[in-house]
Amino acid sequence: MPTARPQCWLLKSEPDVFSYADLVRVGREPWNGVRNYQARNFLREMRAGDPCLFYHSNAKPAGVAGVARVCGEARPDDLQFDPASDFHDPRSTPDQPRWSMVEVEPVLAFAALVPLDTLRALPEWQDSPLTRRGSRLSVLPVTKEQFRAALRAAGVEGHDDLL
DNA sequence: GCCAACGTTGGC
DNA sequence: GCCAACGTTGGC
C-alpha cells in the first residue's frame, strides 16, 4: 500500500552547525551527510511537499524551531564521492551510491522554540523515536497528530494546508 | 563536560 | 555469526 500523502517528518540539526535561521537565510538546503541506514531509508521515502518539523538538537533547549518542506525526491548525496569531505564514503561509487539526500526549504518559523520537554508532555508524542530515551535517529517520520500537536504547541493556527 | 545509549567495525 | 571495542549522538 502506498504511503498516504503527505507524510510528515522530523529533521534534526545542530543549530551551531545549521539552524532554522540558516535555512531561512539560504532559502533551500541539501540535507546531506546523513550516514545512518534507517535515516537514509526515510530520506528515500520522502516526496516533494512533505512537511518537516525542523528540530534543534544539541541545543539549550533542544526543540522544534519551525517547519520546512521537502523540495523533491531523494538523489545521491554528492559528499559521499568527495575525498575531501568528512562525509566521504570510499565504498560508494556513482554507479552504486550508498547515501541519499533531499533538498528542503523553509515554510514557517515558530515565534518561539517548542522545547523537547513540551513535546514529551503531549499525549501524541508518547510513542516516538524522538522522545524515546537514547534514540539518535536524525530523520524520523511523524504522524499528522504529532505534527498538529507541535503546531498547536507553537501557537500556530490555520496551517492545515500543510497537511 | 559528562555519560548513557546506540550503531558500526573488525577480530575471531 | 558473535560480540567486544570503539566512536558518535544528544540530553542534561
Side-chain angles (χ1 to χ4, degrees), chain A residues 7-26 29-46 50-70 74-104 106-143 145-156:
Chain A
Q7 168 67 49
C8 303
W9 307 95
L10 182 143
L11 299 173
K12 289 185 189 174
S13 185
E14 301 190 24
D16 290 349
V17 179
F18 191 82
S19 69
Y20 191 82
D22 292 324
L23 181 63
V24 171
R25 186 174 330 110
V26 300
E29 179 73 3
W31 211 256
N32 51 24
V34 171
R35 294 295 179 268
N36 168 284
Y37 289 104
Q38 199 180 356
R40 179 205 67 182
N41 292 342
F42 287 136
L43 289 176
R44 290 179 177 177
E45 291 178 27
M46 291 182 175
D50 283 357
C52 307
L53 297 173
F54 194 107
Y55 180 86
H56 284 177
S57 62
N58 250 323
K60 289 187 244 180
V64 179
V67 178
R69 181 161 47 203
V70 175
R75 50 190 175 80
D77 177 346
D78 292 334
L79 299 181
Q80 70 195 304
F81 308 122
D82 179 1
S85 169
D86 286 345
F87 299 106
H88 179 235
D89 190 336
R91 301 166 299 184
S92 292
T93 65
D95 283 352
Q96 297 260 303
R98 186 172 297 241
W99 304 110
S100 301
M101 50 159 255
V102 297
E103 286 196 272
V104 298
V107 174
L108 175 69
F110 289 169
L113 191 89
V114 176
L116 178 58
D117 283 350
T118 300
L119 293 182
R120 281 220 172 97
L122 298 172
E124 293 86 349
W125 281 88
Q126 294 312 299
D127 182 30
S128 166
L130 184 74
T131 48
R132 198 168 305 144
R133 174 183 170 75
S135 173
R136 303 177 341 191
L137 192 57
S138 65
V139 178
L140 51 117
V142 160
T143 66
E145 290 71 26
Q146 288 168 342
F147 198 91
R148 279 198 206 95
L151 290 185
R152 215 177 304 128
V156 172

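Numbered from 1 within each chain, the chains take letters A, B, ... in sequence-line order. Computation of the quantities below employed the complete heavy-atom set of this structure, encompassing side-chain atoms and omitting hydrogens, waters and symmetry-equivalent molecules.
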Identify every side-chain donor-acceptor pair in residues 55-64 of chain A under 3.5 Å, counting partners at least two apart or on other chains, and give the distances.
| from | atom 1 | to | atom 2 | distance (Å) |
| --- | --- | --- | --- | --- |
| H56(A) | NE2 | Y20(A) | N | 3.0 |
| N58(A) | ND2 | E14(A) | OE2 | 3.4 |

For residues 113-124 of chain A, dump all side-chain donor-acceptor pairs below 3.5 Å to protein atoms at least two apart in sequence or in another chain.
none

> Could you write out DNA chain B as a dot-bracket string, with dots for unpaired bases, | for bases paired across to another strand, and Watson-Crick or G-U pairs counted at under 3.5 Å?
Replying inline: ||||||||||||
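The minimum heavy-atom distance linking G33(A) with L79(A) is given by the pair N-CD1, 4.3 Å.
Atom CD of Q38(A) sits about 9.0 Å away from atom CG of L140(A), to the nearest 0.5 Å.
Q96(A) places no side-chain N or O within 3.5 Å of a backbone atom of T93(A) that could act as its donor or acceptor partner.
Residues K60(A) and N36(A) each lie close to DNA chain B; by heavy-atom proximity, the contact nearer the 5' end of the strand is made by K60(A).
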> What does nucleotides 2-11 of chain C look like as a protein-contact string, B for base, S for sugar-phosphate only, - for none, at under 4.0 angstrom between heavy atoms?
Replying inline: -----BBBBB
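Residue R91(A) is classed as a sugar-phosphate contact, given heavy-atom separations below 4.0 Å to backbone atoms only.
Ring geometry for F54(A) against W31(A) counts as perpendicular: the plane angle is over 60°, on a 0 to 90° scale with 30° as the lower cut.
Taking the side-chain hydrogen bond (donor to acceptor under 3.5 Å, both in side chains) definition, one finds that R132(A) meets it with D127(A), sequence neighbours left out. Applying the ring pair (Phe, Tyr, Trp, His ring centres under 6.0 Å) criterion to F87(A), with sequence neighbours excluded, gives no partner residue.
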